[in-house]
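Everything quoted here is computed from the prediction, not taken from an experiment.
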Amino acid sequence: MVRFAHLALLSFALGLLPGIARAGEPFVPSWIKNDPATKTVAIEIVADWNQVERYRRDNIRTDIIDFNGYWGGNLTIIVPAEWSVKIEFINGSSSFRHSLMVTRVYAQSEMPVKLTAEDAIWGVYTDPPEGIKTNERRQLNFVVQQAGSYFLACARQTHLMDGHWIGFEVRDSIEQAVAIIDENKFPQEQPPGRP
């Protein structure tokens, strides 16, 4: 029992318990479910997750479009190399189509106006790339094949250029999938992302 208490305290200190998020520190949010025994991670991603909260605060529709409340690289999901990834993608927008695609990393100055299926790494994208309707779901199943940095991006119209992307990284040296918030890219006045 004492050993469990020490492990729980260590996990808390490292921010690895579900829902605990400290900028710059790895954490496992409620929407990431790891299964190290089968080297599988299930991730639920909702487009425009914070749309209603932003409207409630400002009484206007903002230009921010997000995945689970994050956008423009202010969150990175990190997955162990050679793991199977199952993403449940939900369009939570009240009015816009959205999609999800694994792409290479783009500098702001080189972002394409629109992504196509040919831009998808490992062929991972929701069909159609132009976006699914509001409240629709799609499941993406793939094995991460190469360590490196990527984007999870919306391929619809100019959404990538407008910041509708988060980081996606594959690493050899980790034991479970985690997320990291970039405090320099996440304005404090914004509603928090999905825990």
Exercise. Phe151 and Val102: side-chain contact (heavy atoms from CB on, under 4.5 Å), yes or no, with the steps?
Worked result: CA-CA 6 Å; Phe151 280 0; Val102 177; over 6 Å; no
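- Residues Lys86 and Glu88 are not paired through a salt bridge, judged by the lack of any N-O separation under 4.0 Å between the basic side chain and the carboxylate.
- Each of Trp49, Trp71, Phe67 was evaluated against His164; a single residue qualifies, Phe67, per the ring pair (Phe, Tyr, Trp, His ring centres under 6.0 Å) test.
- A salt bridge links Glu44 and Arg194; the closest N-O separation between the charged side-chain nitrogens and carboxylate oxygens is under 4.0 Å.
- The distance from the CG atom of Leu115 to the OG atom of Ser99 is 7.5 Å, given to the nearest 0.5 Å.
- For Trp165 and Tyr70, the ring centers sit 6.0 Å or farther from each other.
- Of the options Ser95, Ser94, Ser93, a side chain to side chain donor-acceptor pair (under 3.5 Å) to Asp48 is made by Ser93 and by none of the others.
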For this session: Run the numbers on Glu110 and Arg104 for salt bridge (Lys or Arg N to Asp or Glu O under 4.0 Å), then give the verdict.
Result: CA-CA 11 Å; Glu110 64 180 12; Arg104 70 178 182 89; 3.3 Å; yes
Exercise. Are Arg97 and Glu136 close enough, and set up right, to give a salt bridge (Lys or Arg N to Asp or Glu O under 4.0 Å), and what steps lead you there?
Worked result: CA-CA 9 Å; Arg97 287 179 174 259; Glu136 282 190 334; 5.5 Å; no
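- Atoms CG and CE, from Asp162 and Met111 in turn, are 10.0 Å apart once rounded to the nearest 0.5 Å.
- Taking CG of Leu160 as the start and CG of Asp119 as the end, the distance is 9.0 Å to the nearest 0.5 Å.
- Atoms CE and CZ, on Met101 and Phe89 in that order, are 11.0 Å from each other to the nearest 0.5 Å.
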